Amino acid sequence: QVRVVESGGGLVQAGGSLRLSCAASGRTFSSYATGWFRQAPGKEREFVAVVGWSDSSTAYADSVKGRFTIGRDNAKNTVYLQMNSLKPEDTAVYYCAARIKFSDYTDPTEYGYWGQGTQVTVSS
């Protein structure tokens, strides 16, 4: 079993930066591709970014491309999301999860071992 805990969220002004962390315990997290998703109030959970198990492959939603960077440190069983040039529309609860199915990496139903999420609020 894998237990995942997200951290690093907070309140930041537009244009600012935050670094989210996704720490895993239990079964080796490094064997899973890992994704970040976000969910704003009244909206569906949406894909943000994904990193392969070896950190050699990444993919991003168009809305965050060029501003967010995903990476991982398998020695620490941790995945990161560096968020720069934040916008008010980035406000959401951010979740990370391990990819357990392999059809569409943007589909949250392909992921398991979800954490409880961390709130990111960007003020204008």
Side-chain angles (χ1 to χ4, degrees):
Q1 200 55 279
V2 175
R3 182 171 177 266
V4 171
V5 178
E6 301 94 338
S7 62
L11 173 63
V12 63
Q13 289 188 333
S17 298
L18 283 173
R19 182 177 173 89
L20 305 184
S21 295
C22 169
S25 61
R27 188 174 176 181
T28 304
F29 198 53
S30 60
S31 61
Y32 295 96
T34 305
W36 282 97
F37 289 77
R38 65 188 182 187
Q39 188 165 18
K43 295 188 176 181
E44 293 187 350
R45 192 165 297 190
E46 66 171 357
F47 168 77
V48 175
V50 63
V51 59
W53 67 270
S54 67
D55 197 21
S56 62
S57 62
T58 59
Y60 298 89
D62 288 343
S63 59
V64 307
K65 202 171 293 182
R67 300 187 298 123
F68 291 10
T69 302
I70 190 171
R72 68 190 308 154
D73 183 340
N74 285 338
K76 296 182 178 179
N77 240 13
T78 301
V79 174
Y80 303 98
L81 185 69
Q82 177 66 42
M83 307 187 297
N84 299 329
S85 302
L86 282 161
K87 304 175 181 180
E89 51 264 44
D90 294 319
T91 295
V93 177
Y94 283 70
Y95 301 89
C96 71
R99 191 175 180 201
I100 57 175
K101 297 180 182 179
F102 302 96
S103 178
D104 177 1
Y105 62 79
T106 68
D107 184 352
T109 67
E110 294 209 346
Y111 292 76
Y113 308 121
W114 292 87
Q116 83 292 344
T118 185
Q119 176 70 48
V120 171
T121 303
V122 184
S123 63
S124 56

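Side chains included, hydrogens not; waters and symmetry mates left out as well; all remaining heavy atoms used. Model, not experiment: these values are computed from the prediction.
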Quick one: do Phe68 and Asn84 satisfy side-chain contact (heavy atoms from CB on, under 4.5 Å)? Show the steps, please. CA-CA 6 Å; Phe68 291 10; Asn84 299 329; over 6 Å; no
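- Other residues, nucleotides and ligands contribute over 12 non-hydrogen atoms within 6.0 Å of the CH2 atom of Trp114.
- Heavy atoms of other residues, nucleotides or ligands lying less than 6.0 angstrom from NZ of Lys65 number more than 12.
- Of the possible polar contacts, none joining the Gln13 side chain to the Ser124 backbone as a donor-acceptor pair under 3.5 Å is found.
- Ile70 is connected to Val64 through a chain of hydrophobic side-chain contacts under 4.5 Å among Ile, Leu, Val, Met, Phe, Trp and Tyr, so both are in one cluster.
- In this structure the side chain of Arg38 reaches within 4.5 angstrom of the side chain of Asp90, judged on heavy atoms.
- For Tyr95 and Tyr111, the distance between ring centers is not under 6.0 angstrom.
- When all heavy atoms of Phe47 and Ala59 are compared, the pair lying nearest together is CZ-O, 3.7 Å.
- Pairing each heavy atom of Ala14 with each of Pro88, the nearest pair is CB-CD, 4.1 Å.
- Nearest heavy-atom pair, Ser85 versus Ser17, reported as atom, atom and distance to 0.1 Å: N-OG, 4.4 Å.
- The backbone N or O of Thr121 lies less than 3.5 Å from no partner atom in the side chain of Thr91, so there is not a single donor-acceptor pair.
- Taking a 4.5 Å side-chain heavy-atom cut-off between Ile, Leu, Val, Met, Phe, Trp and Tyr, the cluster of Val5 contains only that residue.
- Between Tyr94 and Phe37, the ring centre distance reaches or exceeds 6.0 Å.
- Arg45 CZ to Gln39 CD: the interatomic distance, rounded to the nearest 0.5 Å, is 5.0 Å.
- For the pair Leu20/Thr118, a side-chain contact is recorded, criterion being any heavy-atom separation below 4.5 Å from C-beta on.
- The minimum heavy-atom distance linking Ala24 with Val2 is given by the pair CB-CG1, 4.1 Å.
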Does the side chain to side chain donor-acceptor pair (under 3.5 Å) test come out yes or no for Thr78 and Asp73, once each step is laid out? CA-CA 5 Å; Thr78 301; Asp73 183 340; over 6 Å; no
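- Of the possible donor and acceptor atoms, none in the side chain of Arg67 sits under 3.5 Å from a partner among the backbone N and O of Gln82.
- Here the side chain of Asp107 pairs no donor or acceptor atom with the backbone of Asp104 at under 3.5 angstrom.
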Working note: Val122 + Lys87, criterion side-chain contact (heavy atoms from CB on, under 4.5 Å); need CA distance, chi angles, decisive distance, verdict. CA-CA 6 Å; Val122 184; Lys87 304 175 181 180; 5.5 Å; no
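- Gln119 and Ala92 make their closest contact through NE2-O, 3.4 Å (heavy atoms, listed as atom of the first residue, atom of the second, distance).
- Cys96 has its side chain out of reach of Val79: every pair of non-hydrogen atoms, C-beta onward, lies at least 4.5 Å apart.
- There is no path of hydrophobic side-chain contacts, each under 4.5 Å, that joins Tyr105 to Val48.
- The shortest distance between side-chain heavy atoms of Thr58 and Val50 does not fall below 4.5 Å.
- Connection of Leu11 to Leu86 is not established within any shared hydrophobic cluster, with ILVMFWY side chains joined at heavy-atom distances below 4.5 Å, either directly or through further cluster members.
- Between Cys22 and Val4, some side-chain heavy-atom pair lies under the 4.5 Å cut-off.
- Two residues are said to be in side-chain contact when any heavy atoms from C-beta on lie closer than 4.5 Å; Val51 and Trp36 fail this criterion.
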List the steps, then state whether side-chain contact (heavy atoms from CB on, under 4.5 Å) holds for Thr69 with Leu81. CA-CA 6 Å; Thr69 302; Leu81 185 69; over 6 Å; no
Start with the C-alpha gap between Ser21 and Glu6, add the side-chain angles, then the distance that decides, and say whether side-chain contact (heavy atoms from CB on, under 4.5 Å) holds. CA-CA 6 Å; Ser21 295; Glu6 301 94 338; over 6 Å; no
